[in-house]
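A quick write-up on the structure given underneath.
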Protein chains: 2
Amino acid sequence: MKEEQIFSIKETAEQTGISEDTIRYYEKIALLPRADRKDNGHRVYRQENINTIRLIACLKKTGMPLEEIRPFLVVSADADPAEYPELVEHLRSHRENIISQIASLQQVVDFIDIKLEEGRYQRDCSDESQAGVSEKTMGELKPKPVSTVEMSYFSVSAKAGNSSSSAR
Amino acid sequence: MKEEQIFSIKETAEQTGISEDTIRYYEKIALLPRADRKDNGHRVYRQENINTIRLIACLKKTGMPLEEIRPFLVVSADADPAEYPELVEHLRSHRENIISQIASLQQVVDFIDIKLEEGRYQRDCSDESQAGVSEKTMGELKPKPVSTVEMSYFSVSAKAGNSSSSAR
DNA sequence: CTATAACTTGGAGTCGACTCCAAGTCAAGG
DNA sequence: CCTTGACTTGGAGTCGACTCCAAGTTATAG
């Protein structure tokens, strides 16, 4: 089984959720290495490459700019972590960032849960269409409802866009 | 103590990490409500408003576009969750998104940890400058090192930007 | 009375990340 | 042989989110 399956750019785009144009763009800016070509010049992708693209998609989803994604790929490529202490430092600091981002996100989840809870007992008379906040896909709702990080977003006032006409 | 403390736009920018320009910009696009003005026309901000801006910053940090942030502020503003079932749906689906984003991020953290571990025993001879991955700001490192979500990024191949000269 | 500093506004410019387009190549089908 | 379709390239255009600028106002300090 030396025959590793290969994919066209179209198939790759379908599998990764990243458009063909974008994949080519990533290659152009050298975020991705130049893909191998068939004799006719068409790009070919292997599982390896698809994984890389998936990693990019994953990091991107979290709001990381492409330039910050770059070092990740270098690391994942050669599996050569500690050789460049600079890179290791980079990794550590990114780890920090991500952890704090997770905390941010968790805060937002808590915020939503509170809002959803509020709504829950505030009505409980109307139709129950699709109720049930916490028993859905995630079985990992934290036991404590509010995260440690102060959660000050509560007394937020917005009402944006409706300042009495004088805005403009 | 009816005297609630107020802040200038400069102070607000300092407190939230969002620049004055950006705060004004948010007001312009009605992401933020029009801030009250002093007699001289200068904007004033109260704790409430600062919290809103902090919430925006928090959501932004997670990669959420401003247009998606908008509905969050509406909710946080009036504390009127269940009144608009559409909005509740919005909240739920965002909650889902965020949960999956957390999972993504956790995967990346795991990925980094593995890379860092690799490096750790691969060297362990050089200087220990700032070693110690897990005993820093976060005391909540998950017990299991790899998350449930397959973690396929491992066999990634990148080496971007060094395709033998022919690229471009 | 004037200069400085902290703001105001409207609008133009920038930058990252695509997204679209035109023109060309190649392989297979009718 | 001509068309169709899946690709190629280079480059232009778009869009979101700022970021910067110029001109004007107001308050305080010298």
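First the proteins, then the strands, lettered A, B, ... as listed; each starts at 1.
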Considering only heavy atoms, which members of residues 7-14 of chain A lie under 4.0 Å from some atom of DNA chain D? A:S8, A:I9, A:K10
What residues form a side-chain contact (heavy atoms from CB on, under 4.5 Å) with A:N97, not counting sequence neighbours? A:H94
Annotated protein contacts, base or backbone, on nucleotides 19-30 of chain D with a non-hydrogen cut-off under 4.0 Å, one of B, S, - each: BB-----S----
For residues 9-21 of chain B, which residue pairs qualify under salt bridge (charged side-chain N to carboxylate O under 4.0 Å, His left out), counting only residues two or more places apart or in two chains? B:E20-B:R24, B:D21-B:R24
Return the set of residues passing side-chain contact (heavy atoms from CB on, under 4.5 Å) with A:T16 (not counting sequence neighbours), or none when no residue passes. A:T12, A:I18, A:I23, A:I50, A:I53, A:R54
Would you be so kind as to tabulate the donor-acceptor pairs closer than 3.5 Å made by side chains of residues 56-68 of chain A, with sequence neighbours excluded?
unit_1, atom_1, unit_2, atom_2, d
A:K61, NZ, B:S104, OG, 3.2
A:T62, OG1, A:L59, O, 2.5
A:E67, OE1, A:R70, NE, 2.9
A:E67, OE2, A:R70, NE, 3.4
A:E67, OE2, A:R70, NH2, 3.0

Check whether any side-chain N or O of B:R43 sits under 4.0 Å from OP1 or OP2 of C:dT8, and answer yes or no. yes
Nearest whole Å is fine: how far is C:dC18 P from A:E67 CD? 12 Å
Figure out the NZ/C1' separation between B:K60 and D:dG16, and round it to whole Å. 12 Å
Rounded to the Å, how far apart are B:E27 CD and D:dA17 C1'? 17 Å
Are any of B:K38's side-chain N or O atoms less than 4.0 Å away from OP1 or OP2 of C:dT8? no
Rounded interatomic separation in angstrom, taking NZ from A:K61 and C1' from C:dA17: 18 Å
Just the rounded figure in Å: distance from P of C:dC15 to CD1 of A:I29. 16 Å
Between CG of B:L66 and C1' of D:dC15 the distance, given in whole Å, is 12 Å
